[in-house]
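Throughout, a chain's letter reflects where its sequence line sits, starting with A, and its residues are numbered from 1.
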Protein chains: 2
Amino acid sequence: MTIRGKPTSLDIAHLAGVSQPTVSRALRGSPMVNEETRKRILAIAEQLNYKVDKNASGLRRQHAGTLALLLFEDPTPDESHINPFFFPMLGSITRACARHGQDLLISFQQFSDDWHAEYGDSHKADGLILLGYGDYLAHQGKLTKLVEQGTPFVRWGAVMPDQPGLSIGCDNVGGGRQAGEHLGALGRRQVAFLGDASNHYPEFLDRFAGCDAGLRSAGGTGLDRALQVDAESAEDSGFAAATALLERGLPFDAVFAASDLIAIGAMHALQARGLRIPEDVAIVGFDDIPAARIATPALTTVVQDTIRAGELLVEALVRLVNCEPAESTRLETTLVVRRSSGALP
Amino acid sequence: MTIRGKPTSLDIAHLAGVSQPTVSRALRGSPMVNEETRKRILAIAEQLNYKVDKNASGLRRQHAGTLALLLFEDPTPDESHINPFFFPMLGSITRACARHGQDLLISFQQFSDDWHAEYGDSHKADGLILLGYGDYLAHQGKLTKLVEQGTPFVRWGAVMPDQPGLSIGCDNVGGGRQAGEHLGALGRRQVAFLGDASNHYPEFLDRFAGCDAGLRSAGGTGLDRALQVDAESAEDSGFAAATALLERGLPFDAVFAASDLIAIGAMHALQARGLRIPEDVAIVGFDDIPAARIATPALTTVVQDTIRAGELLVEALVRLVNCEPAESTRLETTLVVRRSSGALP
DNA sequence: CTGAAAGCGCTTACAG
DNA sequence: CTGAAAGCGCTTACAG
């Protein structure tokens with residue numbers, strides 16, 4: 001027997017000699033279907049390669065079975081320069097969605113767009129995952145609007161007390177402390193910090209504070225604001241920040257960069273001036289992107305568990321969508337010691 | 001006035017004093033709506049932040065307005081090790097989809113999965129974009145099935161005469177030739193090739209053939225199969241291949257790696273044996289991933305236009321979905337000369 | 001345990 | 001140019 005086009009639940013019903021609603025029940029695993037009937041129906045569905053129509057099901061049930069991942073780019077949208085830090089997380093998120101039976105829509109957004117209107121409505125997605133570095137204060141208003149609209153969402157970023165919505169993030173203070181203690185233990189005392197350490201970038205600010213504490217606990221005097229230069233998470237920005245730092249003419253024997261991209265850009269700038277790494281300047285980064293391992297010297301850096309982060313983001317969002325309780329989580333970091341910090345021969 | 005839940009087209013109709021179908025027409029831009037009526041409707045829709053329900057629209061129109069991107073991973077699924085080559089393409093694809101008004105579903109697949117059944121049906125997506133290196137012959141059967149099912153799809157990969165479906169790919173022969181001519185012009189005569197140069201990996205095979213031709217046209221004797229070692233596109237694999245090459249004990253003065261990941265792994269293996277790059281061995285890769293620039297020495301490599309590729313993939317697929325004619329395309333490559341090939345001081 | 005009925009929110013011939 | 005009607009393929013109370 002042949003069916004024109006994709007088979008429907010009604011086709012299955014005819015073949016199984018039952019009504020169409022019974023097919024629907026059997027397929028959704030309702031407990032009130034005769035075991036034998038269910039088996040017959042499942043067999044036929046399998047054989048016809050039947051798949052429930054997502055539109056019809058979604059329309060009737062008023063939900064999409066789909067989550068949306070919005071990836072924000074920093075200011076320069078020069079064609080697809082996404083922070084490589086997010087890639088493993090993306091992989092983890094797609095897998096976690098699959099495990100939860102959710103489809104995943106992906107969209108790259110500019111910070112300026114009014115994406116908060118685009119999703120939420122229209123039943124494209126039941127909830128949003130927000131990824132991306134960027135100015136937190138500029139972001140906050142939109143997050144608040146999402147909460148008002150009742151759109152379920154989770155974001156990757158700093159976990160703070162009274163922020164709108166749920167966040168999964170790493171322990172940025174703890175990570176900064178690991179970097180600071182490491183550099184302090186190696187005898188570095190004049191540590192420069194490259195990154196925008198303000199409440200616009202709470203993650204960077206936490207890393208700054210953590211490093212400061214770590215240096216002190218190792219017997220030093222902590223971070224000096226005179227050795228801090230703003231930078232966004234990009235190689236160019238790191239290069240420019242290190243250059244600006246050198247021009248200040250103040251002595252420093254180490255650099256803690258708020259991200260690996262900044263660190264790698266800074267290394268280029270320092271090396272171009274003839275400074276040796278780690279002999280003259282020790283470097284520690286944050287993120288452990290693939291390039292960290294390949295840089296010369298290889299970069300000591302703070303690792304965030306991006307795989308686990310992706311899983312937690314999806315789990316938390318699925319809970320929100322199902323109106324179950326969910327909470328923000330802060331993940332532990334670990335320090336990977338490589339040659340750039342001077343601890344290895 | 002307040003409306004419980006999301007507004008529907010019926011809500012708009014009441015407010016505009018017209019029937020619901022007229023709202024639908026106005027919103028879809030039908031030419032048979034009074035200009036003034038349309039404006040009124042659009043204004044109200046805007047004000048209520050109304051968005052057409054995707055499920056309802058999709059159900060009625062029998063299509064999804066959604067494309068699916070399937071990214072295949074090579075054998076080792078050790079958590080999200082995607083070839084970084086695909087990331088800019090991913091960015092380009094998401095943007096192109098947005099321009100075409102398509103949503104993009106993303107899914108990471110194992111080569112073994114029977115993804116060809118999962119999509120195509122169920123109206124999740126109107127068409128598929130297939131990305132990923134891997135054994136082409138293993139793949140081919142599934143592609144043929146997609147064609148039989150009538151599922152529109154495009155893939156990134158070798159453009160070959162009688163393959164199933166549409167492909168967008170780069171001119172691998174041309175790229176290999178650029179590498180070969182470059183090495184040949186620099187006087188390298190004993191060039192090793194790292195990569196699986198068989199019909200299982202037609203892209204690598206083309207790069208092999210192109211390099212062979214390029215070396216000959218530069219006055220050499222071409223590639224020697226005795227200096228070819230299989231490798232998949234991964235750093236480990238490149239390391240292992242270079243190690244195997246060294247163990248053969250045959251002399252060689254250059255390596256053309258079928259991908260940058262292979263090249264970078266090979267560089268580590270060669271340097272670990274005390275060989276100097278480029279003095280003892282010149283290296284050329286393929287892809288221009290971010291790590292190529294950061295490697296020491298920086299890697300000379302063949303660049304594929306991933307941005308354009310993403311656009312072409314989406315354009316071609318949208319055409320297929322709309323039953324318009326579309327064709328496979330082969331993109332030009334360019335050679336980026338860096339220090340690893342010995343052409344720079 | 002199963003069926004008949006209603007309805008999710010749209011789109012599109014069909015009349016007028 | 002506009003409205004009344006039908007229907008896309010499901011899911012879920014409601015009877016039985």
> What's the CZ-C1' distance between B:Arg38 and D:dT2, to the nearest Å?
Replying inline: 13 Å

>> Does C:dC10 have OP1 or OP2 under 4.0 Å away from a side-chain N or O of B:Ser9?
In response: yes

>> Whether B:Tyr50 contacts C:dC10 is assessed here as follows: a side-chain N or O lying under 4.0 Å from the phosphate OP1 or OP2. Is that the case?
In response: yes

>> Does a side-chain N or O of B:Gln62 approach OP1 or OP2 of D:dG7 to a distance below 4.0 Å, or not?
In response: no

> Roughly how far apart are B:Thr66 OG1 and A:Leu105 CG, rounded to 0.5 Å?
Replying inline: 6.0 Å

> In whole angstrom, what separates B:Glu35's CD from D:dT2's C1'?
Replying inline: 15 Å

> Under 4.0 Å: is that the gap between some side-chain N or O of B:Thr22 and OP1 or OP2 of D:dC1?
Replying inline: no

>> By the 4.0 Å heavy-atom rule, please label B:Ser24 as base, sugar-phosphate, or nothing.
In response: base

>> Check the phosphate of D:dC10 against A:Ser57, side-chain N and O only, distance under 4.0 Å to OP1 or OP2. Yes or no?
In response: no

> Which heavy-atom pair separates A:Pro164 from A:Val147 by the least distance, and what is that distance?
Replying inline: CB-CG2, 3.9 Å

> Using 30° and 60° as the class limits, which term best fits the ring planes of A:Trp156 and A:Phe85: parallel, tilted or perpendicular?
Replying inline: tilted

>> Pairing check on D:dT2: which nucleotide meets the Watson-Crick or G-U wobble criteria with it, both distances under 3.5 Å?
In response: C:dA15

> When the distance from CG of A:Leu59 to P of D:dC8 is rounded to whole Å, what number comes out?
Replying inline: 13 Å

> For DNA chain D, whose closest nucleotide is more 5', that of A:Ala56 or that of A:Met32?
Replying inline: A:Ala56

> If you measure only the distance, is there a donor-acceptor pair under 3.5 Å linking the side chains of B:Ser9 and B:Gln20?
Replying inline: yes

> If you find the nucleotide of DNA chain C closest to B:Pro21 and the one closest to B:Asn55, which residue's nucleotide is nearer the 5' end?
Replying inline: B:Asn55

> Rounded to whole angstroms, how far apart are CZ on A:Arg28 and C1' on D:dC10?
Replying inline: 9 Å

> Should we say atom CD of A:Glu35 is surrounded by more than 12 heavy atoms from elsewhere, each under 6.0 Å from it?
Replying inline: yes

>> Please report the distance, rounded to the nearest Å, between NE2 in B:His63 and P in D:dG9.
In response: 15 Å

>> Between P on D:dG3 and CD on B:Gln20, what's the gap in Å once rounded to a whole number?
In response: 11 Å

>> Let's see if you can work this out: which of C:dC10, D:dT2, D:dT12 has an atom nearest to the side-chain heavy atoms of B:Asn34?
In response: D:dT2

>> Distance check needed: D:dT11 C1' versus A:Leu27 CG, whole Å only.
In response: 12 Å

>> Measuring from the side chain of B:Arg61 (C-beta onward, heavy atoms only), which nucleotide among C:dT12, D:dT11, D:dG9 has the closest atom?
In response: C:dT12

> Below 4.0 angstrom from OP1 or OP2 of D:dT2, is there any side-chain N or O of B:Arg25?
Replying inline: no

> In whole angstrom, what separates A:Leu10's CG from C:dG3's C1'?
Replying inline: 13 Å

